[in-house]
Amino acid sequence: QVQLVESGGGLVQAGGSLRLSCAASGRPSSTYVMGWFRQGPGKERAFVAAISWNGRTTDYADSVKGRFTISRDIAKNTVYLQMNSLKLEDTAVYYCAAKRTTITRTAGAYDYWGQGTQVTVSS
């Protein structure tokens, strides 16, 4: 069983930054692909970013490319999402997720999910 706990959300003004964290526990948590998804008001859950188990491969949604950076600290079993130049449309509940083997953008392919952390971007 893999358990995921997100933190770091909050209220920021457009143009500001936040860093989200996802702490993972369980065996073998370090071998999992980790992803970030988000669900905004009136929208379906959407892919944001993912990173391979060893951190060597990443993938980003076009809407966040160049603004967000996903990274992981294997020793700490923690995945991060650095969010810069935040826009109003980034407002959403952000979830981290885990799956085996390969990166995918499909939410249904992920096996474990955190409870989410709210990010609100204001003008």
Side-chain angles (χ1 to χ4, degrees):
Q1 180 69 30
V2 176
Q3 297 170 230
L4 307 174
V5 180
E6 303 98 333
S7 62
L11 175 65
V12 297
Q13 291 189 327
S17 298
L18 282 175
R19 188 175 75 161
L20 306 183
S21 298
C22 176
S25 62
R27 179 183 178 276
S29 59
S30 63
T31 69
Y32 281 77
V33 170
M34 300 297 298
W36 285 97
F37 292 77
R38 66 187 182 185
Q39 188 164 15
K43 298 180 179 180
E44 295 184 355
R45 189 169 298 188
F47 172 78
V48 176
I51 188 166
S52 62
W53 70 271
N54 59 12
R56 295 178 181 175
T57 304
T58 58
D59 188 29
Y60 296 93
D62 288 343
S63 59
V64 306
K65 195 172 298 181
R67 298 189 298 120
F68 292 10
T69 302
I70 188 170
S71 61
R72 70 192 303 169
D73 186 328
I74 296 174
K76 294 182 178 180
N77 292 133
T78 301
V79 180
Y80 304 97
L81 185 69
Q82 178 66 47
M83 305 185 295
N84 299 326
S85 301
L86 283 162
K87 304 175 180 179
L88 292 177
E89 54 263 42
D90 295 320
T91 294
V93 177
Y94 283 72
Y95 300 88
C96 64
K99 68 181 295 292
R100 290 188 62 189
T101 311
T102 56
I103 288 175
T104 181
R105 296 183 175 188
T106 304
Y110 286 77
D111 301 306
Y112 302 98
W113 293 84
Q115 293 298 307
T117 186
Q118 177 71 49
V119 173
T120 302
V121 183
S122 67
S123 61

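- Taking each heavy atom of Met34 and Cys22 in turn, the nearest pair found is CE-SG, 4.1 Å.
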Pair Phe68-Leu86, side-chain contact (heavy atoms from CB on, under 4.5 Å): steps then yes or no: CA-CA 9 Å; Phe68 292 10; Leu86 283 162; 3.9 Å; yes
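- The two residues Arg67 and Ser85 have their closest heavy-atom pair at NH1-O, 3.0 Å.
- Summarising the geometry of Arg72 relative to Ser52, their closest heavy-atom pair is NH1-O, 2.7 Å, with the distance given to 0.1 Å.
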side-chain contact (heavy atoms from CB on, under 4.5 Å) assessment of Leu11 paired with Gln118: CA-CA 8 Å; Leu11 175 65; Gln118 177 71 49; over 6 Å; no
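- Put simply, OG on Ser71 and CZ on Arg19 are 7.0 Å apart, with the number rounded to the nearest 0.5 Å.
- Separation of atoms OG1 (Thr58) and NZ (Lys65) is listed at 9.0 Å; rounding is to 0.5 Å.
- Of all non-hydrogen atoms in Thr78 and Ser21, the two that sit nearest each other are CG2-CB, 4.3 Å.
- Cluster annotation: Val119 is not connected to Tyr80 through the hydrophobic network of ILVMFWY side chains, with a link wherever side-chain heavy atoms come within less than 4.5 Å.
- Here the closest heavy-atom approach between residue Ala109 and residue Thr104 is recorded as CB-CG2, 3.6 Å.
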Between Val48 and Met83, is the side-chain contact (heavy atoms from CB on, under 4.5 Å) condition met? List the steps. CA-CA 11 Å; Val48 176; Met83 305 185 295; over 6 Å; no
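- Sorted pairs that involve residues 76-89 and meet salt bridge (charged side-chain N to carboxylate O under 4.0 Å, His left out), not counting sequence neighbours, are lacking altogether.
- A salt bridge does not link Arg100 with Asp111: every distance from a Lys NZ or Arg NE/NH1/NH2 to an Asp or Glu carboxylate oxygen is 4.0 Å or more.
- Between the CD atom in Gln3 and the CD atom in Gln115 there is a gap of 10.5 Å [rounded to 0.5 Å].
- Using a distance-only test at 3.5 Å, with no hydrogens or angles considered, no donor-acceptor pair links the side chain of Arg105 to the main chain of Ala50.
- Under a 3.5 Å cut-off, the side chain of Glu6 and the backbone N or O of Cys96 do form a donor-acceptor pair.
- Trp36 CH2 to Leu20 CG: the interatomic distance, rounded to the nearest 0.5 Å, is 4.5 Å.
- In the hydrophobic clustering, Phe47 connects to Val33, Phe37, Val93, Tyr95, Ile103, Tyr110, Trp113, either directly or through intervening members, whenever side-chain heavy atoms lie under 4.5 Å apart.
- To the nearest 0.5 Å, atoms CD (Gln39) and CD (Glu44) are separated by 8.0 Å.
- Taken from CG in Asn77 to OH in Tyr32, the straight-line distance is 12.5 Å, to the nearest 0.5 Å.
- Annotation for Gly9 and Thr117: closest pair N-OG1, 3.2 Å, computed over non-hydrogen atoms.
- Thr101 places none of its side-chain heavy atoms less than 4.5 Å from the side chain of Trp53.
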